[in-house]
**Q** 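Encoded as structure tokens, here's the structure I'll be asking about.
Naming convention: chains lettered A, B, ... in sequence-line order (proteins, then strands); numbering from 1 in each chain.
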Amino acid sequence: MEDKNFIRKIIEDDLQSGKHERPITRFPPEPNGFLHLGHARAIIMNHVLAKDYDGTFYLRFDDTNPLTEDTLYVEAIKRDIAWLGCEWDELFFASDYFDIMYERAMLLVKKGLAYVCDLSAEAIRKTRGDLTTPGEESPYRDRPVEENVRLFEAMKNGEFADGEKVLRAKIDMKSPNMNMRDPVVYRIQRGRHHNTGDKWCIYPMYDFAHPLEDAIEGITHSLCSLEFEDHRPLYDWFVKHCEMENVPRQIEFGKLKIANQIVGKRNIRQLVEKGVVDGWDDPRLVTLSALRRRGVPPEAIHNFVRALGLPKSEGETELHMLDEYIRDHLKVHARRIHAVTDPVKVVITNYPEDKVERLQAPFNRENEALGMRELTFSNTLYIDREDFLEEKPNKKWKRLSLGLEVRLMHAYFIKANEVEYDADGRVETIYATYDPKTKSGTGFTERKPNGTIHFVDALTAVPAEIRLYGNLLEDTDSDKPIEARVNKQSKIVKQGFIEGSLTPETGESYQFVRTGYFTVDDDSTEGSFVFNRTVALKSSFKPKK
RNA sequence: UGGGCUAUGGCCAAGAGGUUAAGGCAUCGGACUUUGACUCCGACAUCGGUGGUUCGAAUCCACCUAGCCCAGCCA
């Protein structure tokens, strides 16, 4: 796929000018939550941009805050990225660099570019000024270098309580860029780190740690999102004054935002805790694990992300755009089978009661490699309730009605003659007759049927739970609390049937002919399958009243 | 109100002085069809606004408007 974007241009220029021989990129997640669709842009683009130029792509966990991080998340993140197919050349942890980070911070101290500040968090906030008024310098700003050296070392050695002191960069309290107003470089924070345990009680802040991590790894192009543009001067300041050998370049791009979707970790957590969704991988969510469970092929996510490119503007993409890439991939890769989600019984009155025919049918006409399967046909079948209407509603109706003849896909023409209703007045059984001359594959052309519908033979039908998903949010008014916006119909569970002689496995996607793509859920048990609707088929059928 | 960004059709998005303003999604026609799917044809913008520079501007300049981000010892 051809994706044009300004970062690709920058890389090409850098390669041509000889600034770099090969690009080195990285995806630097903090292991404190699940990855979602929005992250896919960063992961895929970093990976693609490296690989397209024979470069290197790293996965680096930005684990500089032990209070929020957990190995549980590093495992989940690794699993999701691997699933996306973005193999990393090497795996790193920012915490592996704590020694060198400390050493470089000490260098800053010795150069008089950083100082230990005794102000409380509250006091620092108050003296930082605001958007329009400059900040005031800390009374500790001019501490002698020797004292700073001693104090910073004491901080590291655990001689102070959490929050008692911080190390700050000495830059400019009057800068219009808030990030340059003597930002905190190290804070004291006791808590067991998932990787380094109790070795440290001081941890570097993102603004200091990130540029060093990039420089240490030799990252050439450090991609991040727009909100870090203001941090770039600081990024460059640290790389320069810490005297890092490699000088990475930070480049910002716009985040991938999906319209009307819940993406924030706290919001998702809330939905999980309140039981609105069934977990972080509830198929209605857009976490990568949820998409995987719903059956979205990683290839579809790649194509989607690459089609969107890497803009510097910020828009909201509609999720249905992804649907098209899902269908596009599944179209040739999925086997197509018959399934009914809302079964209505059809009895073929002129078909011998004890007769069973075996019909051969290809799994996918557009992909012969998927092979053939066998459908059975007997006098009792199921069709979908919406494929029958007692009276033909309009000339466009291409399904079954009394007196009309339709083709049962891969089988015969049948004509509906009578209906039987249940106590509630719902269609219970349709009595029909078939025409043996119309068997599929015989080239019968004497009559045109009113349409073609699918069926499942009752004799071999396998029960299946079919979960249909709709948008989790029904209200686009983002001012309302999330709970007030959830769509109660976002998950509908149906009990239906799929054709027999199949052996669906968890994660396998099928096209249910004429309805959509469905993927086998892990909740399936032997003989009773559970399918998640991945995406519906498109339809130009517009029922009009 | 200080600073940093962004602004191209319903939704994304190419475009970097001279192109008929790519492409995708959506939509609307139509053909085909043993999936109302697929496929195939066809329709669908003068580029936030206003001035300017130029033979010529979405592309350069000025001003204006709108939106996003920044005042964590989060990342």
Side-chain angles (χ1 to χ4, degrees), chain A residues 2-6 9 28-30 32 62-65 67-69 117 119-122 124-126 128-135 162-168 175-181 183-189 202-203 205-207 209-210 224-233 252 254-256 259 303-304 306-325 327-328 331-332 336 338 361 365-366 396-399 406-411 413 438 440-441 444 449 451-454 511-516 536-542:
Chain A
E2 174 86 358
D3 61 46
K4 305 176 183 177
N5 60 67
F6 77 103
K9 177 87 166 61
E30 183 186 15
N32 69 346
D62 208 358
D63 54 350
T64 57
N65 185 353
L67 267 31
T68 57
E69 297 153 6
C117 182
L119 254 27
S120 67
E122 171 81 7
I124 287 179
R125 182 167 57 75
K126 281 188 173 150
R128 184 153 31 222
D130 62 28
L131 299 183
T132 51
T133 61
D162 286 14
E164 195 178 332
K165 286 178 169 39
V166 291
L167 183 73
R168 290 227 258 170
S175 172
N177 181 346
M178 301 290 292
N179 297 118
M180 302 300 271
R181 320 245 261 226
V184 172
V185 176
Y186 263 94
R187 78 279 209 182
I188 303 171
Q189 194 168 83
I202 58 170
Y203 290 92
M205 298 290 290
Y206 167 87
D207 280 318
H210 209 86
C224 65
S225 46
L226 254 24
E227 68 264 35
F228 292 103
E229 281 180 313
D230 285 346
H231 297 243
R232 193 179 345 120
E252 311 84 12
K255 272 183 175 159
L256 200 197
N303 294 335
F304 171 69
R306 298 193 63 171
L308 295 177
L310 212 42
K312 208 161 146 89
S313 56
E314 50 204 9
E316 278 196 333
T317 300
E318 293 166 348
L319 194 58
H320 68 70
M321 190 166 160
L322 172 64
D323 292 345
E324 195 48 30
Y325 289 94
R327 290 186 201 102
D328 186 61
K331 175 173 69 191
V332 287
R336 303 172 179 182
H338 290 187
R365 283 207 173 84
E366 295 177 57
K396 291 224 172 188
W397 178 253
K398 295 176 69 173
R399 308 180 188 187
V406 295
R407 150 146 262 137
L408 290 181
M409 195 182 287
H410 301 305
F413 284 16
T438 59
S440 179
F444 178 84
T452 299
I453 66 173
H454 56 93
Q511 181 191 123
F512 286 1
V513 156
R514 300 207 310 132
T515 58
L537 242 34
K538 275 202 285 196
S539 172
S540 59
F541 177 48
K542 302 168 204 70

**Q** B/A66 pairs with which nucleotide, Watson-Crick or G-U wobble, both distances below 3.5 Å?
**A** B/U6
**Q** Say we look at B/U46 and B/G10: how far apart would their P atoms be, to the nearest angstrom?
**A** 11 Å
**Q** Which of these nucleotides, B/C12, B/U34, B/A75, is closest to any side-chain atom of A/T64?
**A** B/A75
**Q** Do A/R187 and A/N65 come close enough that some side-chain heavy atom pair is under 4.5 Å?
**A** yes
**Q** Pick the P atom in B/G48 and in B/G3, then give their distance to the nearest Å.
**A** 24 Å
**Q** Please name the nucleotide paired to B/U34 by Watson-Crick or G-U wobble geometry with both distances under 3.5 Å, or report none.
**A** none
**Q** When the P atoms of B/A62 and B/G24 are considered, how many whole Å apart are they?
**A** 37 Å
**Q** Pick base, sugar-phosphate or nothing for A/V184, based on heavy-atom distances below 4.0 Å to the nucleic acid.
**A** sugar-phosphate
**Q** Scan every strand shown for a Watson-Crick or G-U wobble partner of B/A58, both distances under 3.5 Å, and answer none if you come up empty.
**A** none
**Q** Let's test your reading of the model: under 3.5 Å, does the base of B/G36 pair with the side chain of A/R399 as donor and acceptor?
**A** yes
**Q** Kindly check if the number of other-residue, nucleotide or ligand heavy atoms within 6.0 Å of NZ (A/K255) is above 12?
**A** no
**Q** Less than 4.0 angstrom between a side-chain N/O of A/R232 and OP1 or OP2 of B/C70, yes or no?
**A** no
**Q** Considering only B/C73, B/A75, B/G36, which nucleotide approaches the side chain of A/Y206 most closely?
**A** B/A75
**Q** For B/A16 and B/G4, measure between their P atoms and round to the nearest Å.
**A** 27 Å
**Q** I'd like the C1' distance from B/A66 over to B/A43, given in whole Å.
**A** 32 Å
**Q** Write down the partner of B/G42 under the Watson-Crick or G-U wobble criteria, each distance required to be under 3.5 Å.
**A** B/C28
**Q** Over all strands shown, is A/F228 touching base, sugar-phosphate only, or nothing at heavy-atom distances under 4.0 angstrom?
**A** base
**Q** Under 4.0 angstrom, heavy atoms only, what part of the nucleic acid is A/H210 near: base, sugar-phosphate, or nothing?
**A** nothing
**Q** Please state the C1' separation for the pair B/C11 and B/G42 - nearest whole angstrom.
**A** 22 Å
**Q** Using purine N1 to pyrimidine N3 plus N6-O4 or O6-N4 for Watson-Crick, or N1-O2 and O6-N3 for G-U wobble, each under 3.5 Å, what pairs with B/C74?
**A** none
**Q** Which one, B/A7, B/G36, B/C73, comes nearest to the side chain of A/S313?
**A** B/A7
**Q** Whether A/Q189 contacts B/C74 is assessed here as follows: a side-chain N or O lying under 4.0 Å from the phosphate OP1 or OP2. Is that the case?
**A** yes
**Q** Has the side chain of A/D230 got a donor or acceptor atom sitting under 3.5 Å from an opposite partner on the base of B/G3?
**A** yes
**Q** With a 4.0 Å cutoff (strictly under), does any side-chain N or O of A/K538 reach OP1 or OP2 of B/C38?
**A** yes
**Q** At under 4.0 Å, does any side-chain N or O of A/T317 touch on OP1 or OP2 of B/C25?
**A** no
**Q** Could you tell me how far B/C44 sits from B/G51 if I compare only their P atoms? Round to whole Å.
**A** 29 Å
**Q** What contact category does A/R128 fall into here, base, sugar-phosphate, or nothing, at under 4.0 angstrom with non-hydrogen atoms?
**A** sugar-phosphate
**Q** Which of these nucleotides, B/C73, B/C25, B/C74, is closest to any side-chain atom of A/E30?
**A** B/C74
**Q** Touch check for A/K9, heavy atoms < 4.0 angstrom, all strands: base, sugar-phosphate only, or nothing?
**A** base
**Q** Looking at A/R306, does any N or O in its side chain come under 4.0 Å of the phosphate oxygens OP1/OP2 on B/G24?
**A** no
**Q** Between B/G36, B/A37, B/A75, which nucleotide gets closest to the side-chain atoms of A/N65?
**A** B/A75
